[in-house]
Amino acid sequence: MGSVSIGQRGIRIAIDRGGTFTDCVGNPGTGKMEDDVIIKLLSVDPANYDDAPLEGIRRLLSRFTGTEIPRGEALDTSKIESIRMGTTVATNALLERKGEDIALVVTKGFKDCLEIGNQSRPNIFALDIRKPEVLYKKVVEIEERVTLEDYAEDPERNHTEAESIEKAGEDANLVRGLSGETVRILQRPGEQRIRQQLQDVYDGGLRSIAVCMMHGYTYPKHEALVGKIAKEIGFEHVSLSHELMPMIKLVPRGTSACADAYLTPAIRKYIDGFSNGFAGGLGSKSVKQEGESKGARCEFMQSDGGLVDVDIFSGLKAILSGPAGGVVGYALTSYDPQTKIPVIGFDMGGTSTDVSRYGAGRYDHVFETTTAGVTIQSPQLDINTVAAGGGSRLFWKNGLFVVGPESASAHPGPACYRKGGPLTITDANLFLGRLLPEFFPKIFGKNEDEGLDADASEKLFKELAAQINEEVSGGNKEKEMSLDEVANGFIQIANETMTRPIRSLTEARGHDTSKHRLATFGGAGGQHAVAIAQALGISQILVHRYSSVLSAYGMALADVVDERQEPESKVWSEEKEVRDYLQQKMQELKSKSMVTLKDQGFSEEQVHFEEYLNLRYRGTESALMIVKPSKEEAEKDYNGDEWAFGKAFVKQHEQEFGFTLPDRDIIVDDVRARGIGKTFEGLEKTVDQQLKVVKPNELSKGEKQHGSKKVFFEGGRQDTSIYKLEDLATGDRIRGPAIIADGTQTIVVTPDASALVIDTHVVINIGESSGQDQAIGTEEVDPILLSIFAHRFMAIAEQMGRALQKTSVSTNVKERLDYSCALFDANGGLVANAPHLPVHLGSMSTCVRKQASIWKGKLNKGDVLVSNHPMFGGTHLPDITVITPAFSSDNIIFYVASRAHHADIGGILPGSMPPHSKELYQEGAAIKSEKLVSEGHFNEKRITELLLDEPGQYPGCSGTRGLSDNINDLKAQVAANQKGINLINTLMDDYGEQVVKFYMHNIQANAEASVRSLLKDVYKRFEGQDLSAIDFMDDGSPIKLKITIDPEKGEAVFDFAGTGPEVYGNINAPEAVTYSAIIYCLRCLISEDIPLNQGCLAPIHVRIPKKSFLSPSDNAAVVGGNVLTSQRVTDVIFKAFRACAASQGDCNNLTFGFGGTSFEAGSSERKETKGFGYYETIAGGSGAGPTWHGTSGVHVHMTNTRITDSEIFERRYPVLLREFGLRSGSAGSGMHRGGEGVVRDIEFRIPVQVSILSERRVYHPYGMAGGGDAACGLNIWVRKVDKRSIDRNSDSKAGDAKSDTDKSASLDEGGVVEDLEARERRIVHADKGDGEAEGEVEYRYINLGAKNTASMRPGERIIVCTPGGGGWGKEGERSQVLDKVVDPKAGWRMGSVAGRQSEAEASA
C-alpha cells in the first residue's frame, strides 16, 4: 500500500455518521482539495466492524501511512491533528425513544406542565389525538416558589427596586434576578425534604435528572440547590435548565432540560466507547499531555453549526449534529462575501428533504423548535424538514395525486429495491429515465448483488395508472393518461410540496426567493433541483463535487463555537448609562467564552465574537435576535455607530413584519455572545471568483459522452446525453437535456438549462422559461393540474395567514394565532381555507356570500369590506372579517378574506366575552356591512366611530379598550388580503384567468365527490339504523339532530328540528357556526386530506328551525355560541354517527382585566381608564373512540388555541399561577378511557374583574358504547372574607359559608377541591389587601357556575376545573386500541417553517 505525504499540520479527518451511511473525508495536512481522500461505508455492519467512524479512521490512517492497521488495534493519534464528527446518536435516541431513564424535578403545582405543553393538538382533524410522549419516567415536585414582582401590562409602568442576588441577604424576600427583573421569593425549599425526595428517586434506580423551576432563568438559586444535593447523592447526570438555556418559558426550558438529561448519558457512553479505540486519547486535554501518548483534537458538530470539544459535547446540542454539517458545507462553499448572493440549501434524502438559507455571511438560528415531538430551547440552525424525499410514497386518493407523507423507509424501501416495497418518488425517477441503474451500487436482491429493478417499478405504475384511468377516463381511451404522464404527475406534485416551505422560509423573513442561488446536495437533490429552482424563479443552481458527502466536508470547514447567554429586562435606550450596562454584561459573557476557547487551545488572535441582543417591542412576544452591526453596516446605515442595536432592530422588524411601533419601548430580553475559534483559514476560490476566470468549453454532441437514453421531460421522451462527472474537466459546458452522474449522485439538466463544470462545483444555469409549453384546455379536468391547483390554492391561503401573523400587532393574532384566511370564488363560495380554525371553516363563506350580494355592482378596485355581525355571516363579534374583491376589467372574479379575533371591541366587560350578556350590544361593536377601504383609502374615521364611539353609547358599555391594536390588526388583515390577490394574479399570469377559474370550480367538485363517497360508505355501515342524537346545553336547551342519507346520490339531510328556542343569554349560535361544525365533522370522518371548500357542503342539506338558538334573531347575544354551542353541535353530530365519546365540549373561556372607555351620564365627554384585558381558553379531556383512548389536557374540536406559557403569564399580568395540571379522576372509564381535564388555579395580585364563560358544568360529557361519562367541569372562586365581620354576624352566615364549601365539594367529581382547607394551609399568599393581618381573613370556596363574572381582590383566586372526555366500551372488555406503526421521521419537525406550519395547524 502506498502512503500519502503527511503535511506538517498532521492528518485532518471529518466524519458524518448518518442513519444509513457514514461519510469520511481525510486530508493529509496539506489542506488541498485534490489531496482529500473520501471513504463511504455502512453505518451499521456488525459482521465487519463495531463502530463505523472508528473503522473509517482506521482505513484513512492505513491509506495515509501506507501501513495496513489491523482491526481492533488502538489507533495512534500522534499523526492526527484533528477529528471532527457529526453524529446521529442523539437524534436516533430521541426518535426511537431509547435515551436514559430520567426524572423531572419541577415546582409544586406543575408536575404535568410538559404533558399539557401548549395544550394544542398536533392534527386538528384527528379524533384519535396523539401527542408525543414525555421523556421522563417520574416527576418530583419541590415545595418552592418565586414570582416576578412587577408586571409588563401595568399601565403605570411601576418598577420595584431590589438588591442583586449576590448582595441581597439570605432572608430577603425581594431580589433583583439575573434578567434585572425583581423577584419575590414566596417559599424557600427545605434541604432535608429535597434530599429525601431525590434519595427515593435514586433508590428507584434512576441516575439522571432534569431540573426546571418556575422563573429559574432569572432566579437560579433553587435549581442550583437541587443540583448540589443531587450530585451529593450520586446522580451521574444533572441537567439544570438555567445552565442549559436561561431564557423565559417554563415548558420549552423544561423539555430542553429533559432532552439533555435523556440524551447526554447516551452521548457520553458512545464517546467513551469511541475514545477507547485510540492509543493517545481524544480532546483538548489529551493534546496538552506530554510524552508519546499525545492525543488528537476531537470536536463534535452541534445543532448551531459550531464545533465543540468532545469533553463538553451534550445531548441538548447534538440533535441536529449531522444536518448542521451540511448547512456549514454548502454555506462556506457556495456563498461569496463579495457578491453576497444568498443561498438556499436543498438537501433531499430518502425519507425527507431539509431546506435552509444562508445570507449576509452568518447562519440563521432559531431558539425554539420542535424536533421528534420535543420542544427544544437552544440555538439551532434554521433547518426545515419537508416530508417528501426519494422514499415518499405515491397515492391516488379522492381524485388527487398525493405524495407522502408516508415513507417506504430503508426497509422495504422503494419498489425498485427488490424487497416488495411500494411505489415512491425514486421509482418515478427511475421509470422516467432520470435515475441510471448502472451508476447505483449492486446491493439489492436476495444475495445483495443485483441492481435496481426497473420492472418492479413499471409493474406498479401500470396497476396505479389503470386505477387512475378507470376513475378519470370513464372508459374513453382518448382521456387515458400514459404511464409517463402518471409518473411525471407525481414528480410535479412532489416538487410543489417541496417549494412551499422554501417560499415560506425566504418570504416569511422578507427575502425575495428569486434573488437566491439553490445549493443542492443529498442523494436525490440533483434529480429535482432544476424543477424546484424554476418554480421559485431561481436561475442558478450549485452542486458541489462533494455534494453527496457535504455534511462531512462541512465538519472539516467549521469553526469551534462557545455560546453564552443571559436573560435581561432593560428598556433599550441610546443613553450612555444603558449602553454601558449592556456593554459590560456583554464583555463578561465574552470573557467567559474566551476562557473556554483558550482551554481548547485557541489564542486570542484566533477568536472572534458575534454579539447579539434579543429585542422586542413592549407588549409583544415577537423577539428578534439582533446581531451587532458590522463596521461596514454601521458606516452605511448608522453613522458609524457599531452599537446601534435599537436602529438595527427597527430596520429588521420593518423587513420581517412590515411595520414598526415607534411609540413603544424596545425591551432587551437576552444578551448573547457567540465566541468563534477559527481553525482553518483559506478555502478554495469562491464560486464567483472561479466563474470570473473560467473559460467555457462547449462540448459538441458525443464529446466525452458516456452514453445516452430516452428520458421523459415535459412534452415526452427525449434523447438525453449521459456524462460521468470524473470525465469532465473544468470549463466544460453541457447543454440540456443531459444527465451527469457519478457513484453517489445524479444531476438532471433539463432541455432549457446548461451545466458548467468548475473546480469545486457543477453550476447549472436555467434559461428563460417559455412559461406553459402548450395551452391548457378547460374542456376536461387534468387530475395532475387539479392536484397542483389544490396545493397552490392552499398555499395562497397559508401565505395570507403568514402575512397576517407577521404584520399584526395584537397577542391574539401574533401569538395565539386566532385567525383564518381563505380564498373564495366570484359567488363567495369557499375555494381554500388554510387549516387555521375549525369554527371558521364554513362560516366565512356565509359572510362573503352575504356581502357579495349586498354590494353587487357597487364595488370598485381598491375597495375593502368589513363585517362582524352574526346575521351577516359572523360568528361572534370579536371575530372581524375583512373582505377584498379581485377584479378582471370591471368584473369581480374572486374574493379573499381574513377573519381575526380582536382582543377587545367594547361592550360591558374587558375582553368583549361577557358571560352574562343578554343583548348583542352588550358584547361590543356590531358591524353589518361597511367599506373599510374606499378605492385604496383606509377609512380610519369611520372605523373609529364603529369601534369606539357607537358601542360606548349603550348603557353600561364601553367602546373598544384597544383602538390602536384594532386599527393595526385591521390594516394587517387588509395587507394579508392584498397578498392573496397578488398571489392569485401571479397564478393567472402563469396559467391564464380561465384556467384558474376552471380549477377553482373543479376543486370544489372534487371535495363534493369526496363527501358524497363518504356518505355512501356511512349509509352502508349504518344501513337501517337511526342516525339521530340529542344533547343539552347546561341551561337545558336541547340540540336535536336527525341525519337522513340518500345512498344513491350520496346526499344527506341534517335536520335540527326539535332544537330549543332562542335563549335570553349568549349561547345563541348564528347559522354559520352550524355549517362550520358540519364541515369539520365530515373532514374528521373522511380522515383523508381533501380540499376544504364549498363543495363539502354541496351534498348536505341543513334544516335549522328559525327562531331556535341555532338560528337566532338579529339582536340576540351570541358570544357563547361560537365558543360553547359550536362544541355541543360537534358532539351531537359525532354522537349521531357513533364516531366517538364526547370530548370536554367546552372552550373554558377565561377573561380578566380592568379599565375601559365610556360616556358619563348626560355628557358627551368620553371617560377613559387605562388598564388591560386578558383572554384565554383552557384545555380539557378528549373522548375515547373504538380504537383509541382519549387524550388528557388538550383542546378539542372547534378550537385549538395555545395557552400562554406560565412564566410569560406571570411576567405580563399581575397573577400567580398556583397550579396547572391534569385533573385526576375526571376522565370517563371504559374499555378505552377518556382523557383527563385540567386544573388551572390563578391568584390575582391586584383588583381585577374576572369572567368565566364555560359549559359542561351540569351535563356530563357522554360515554359511548357502554363507556362511562366524564366528570363535569367546576369553577371555584376562592374568596376572602373578613373574619371580624363574620364574628359580628349571626351563625347562619357562617353556616352559609360552610354550605358553599360543601356544595363545591359535592360537585367536584374530579377530586380537586375535596380538601380545600388543607390545600389553603399549604399556600403562601403573595399579596395581602390593605389593613389585612394574619388571622383576620378566611377563604370561602364559592361555586361560580358555568357563566359568571366577579370583582376579585388581591389574594383571591379562580380555580377552573375543566371536564374530562367520555369513555368508550364497557370496562373490562378487551382493548381494540390500534398502535399505528409510525415512521420515526413523522415526528421530526424542525425549523422556523415547521414551527409556523404547526402553529397554523394547531391554532384555532
Check: Would a distance-only check, ignoring hydrogens and angles, find a side-chain to backbone donor-acceptor pair under 3.5 Å from Glu1207 to Lys249?
Finding: yes
Margin query: Whether the side chain of Asn1149 engages the backbone of Leu1253 through a donor-acceptor N/O pair (distance < 3.5 Å, no angle test) should be reported.
Written below: yes
Check: Taking atom NZ of Lys131 as the centre, does the number of heavy atoms from other residues, nucleotides or ligands within less than 6.0 Å exceed 12?
Finding: yes
Note to self: Can you confirm whether the side chains of Gln199 and Asp203 place a donor and an acceptor under 3.5 Å from each other?
What the structure shows: yes
Checklist line | Single hit among Lys108, Arg1223, Arg1357 for salt bridge (Lys or Arg N to Asp or Glu O under 4.0 Å) with Asp1241 | finding: Arg1357
Item checked: Ion pair check, Glu1243 and Arg1218, cut-off under 4.0 Å -> yes
Checklist line | Evaluation steps, side chain to side chain donor-acceptor pair (under 3.5 Å), between Gln196 and Asp200 | finding: CA-CA 6 Å; Gln196 179 190 334; Asp200 289 345; 4.7 Å; no
Check: Does the Arg121 side chain pair with the main chain of His1197, one donor and one acceptor, at a distance under 3.5 Å?
Finding: yes
Margin query: Between Tyr262 and Arg97, is there a side-chain heavy-atom distance shorter than 4.5 Å?
Written below: yes
Next item on the list: Taking the side chain as every heavy atom from C-beta outward, state whether Ile1242 and Leu1150 have any pair of such atoms under 4.5 Å apart.
Entry: yes
Margin query: When you measure from the side chain of Ser239 to the backbone of Ala261, do you find a donor-acceptor pair of N or O atoms at a distance under 3.5 Å?
Written below: yes
Next item on the list: Assess whether atom CD of Glu133 is packed by more than 12 heavy atoms of other residues, nucleotides or ligands within 6.0 Å.
Entry: no
Next item on the list: Using the six-membered ring wherever Trp is involved, compare the ring planes of Phe1134 and Tyr1080 and label them parallel, tilted or perpendicular (cut-offs 30° and 60°).
Entry: perpendicular
Margin query: Test your reading of the model: is there a side-chain donor-acceptor pair from Arg1233 to the backbone of His1189, 3.5 Å cut-off?
Written below: no
Margin query: Any side-chain to backbone donor/acceptor pair from Ser208 onto Glu100? Under 3.5 Å, distance only.
Written below: no
Margin query: Against Val374, only a single residue in Leu135, Leu263, Leu114, Val134 fulfils side chain to side chain contact (heavy atoms under 4.5 Å, CB included); can you say which?
Written below: Leu135
Check: Is the backbone of Ser1143 close enough, under 3.5 Å, to the side chain of Ser1182 for a donor and an acceptor to pair up by distance?
Finding: no
Notebook entry, point to check: Any donor-acceptor pair under 3.5 Å linking the side chain of Ser1126 with the backbone of Met1198?
Noted result: no
Checklist line | Donor-acceptor contact present, side-chain Glu1255 to main-chain Thr1125, <3.5 Å | finding: no
Next item on the list: Taking only Lys NZ, Arg NE, NH1 and NH2, and the carboxylate oxygens of Asp or Glu, determine whether Asp101 and Lys138 approach each other closer than 4.0 Å.
Entry: no
Notebook entry, point to check: Which pair of non-hydrogen atoms, one from Phe1137 and one from Leu1085, has the smallest distance, and what is that distance?
Noted result: CD1-CD1, 3.6 Å
Margin query: Would you say that Leu1027 contacts Arg1138 through its side chain, given a criterion of any heavy-atom pair below 4.5 Å between the two side chains?
Written below: yes
Notebook entry, point to check: Would you say the side-chain atoms of Asp112 pair up with the backbone N or O of Phe1220, donor to acceptor, closer than 3.5 Å?
Noted result: no
Note to self: Against Arg1256, only a single residue in Asp1034, Asp1146, Asp1031 fulfils salt bridge (Lys or Arg N to Asp or Glu O under 4.0 Å); can you say which?
What the structure shows: Asp1031
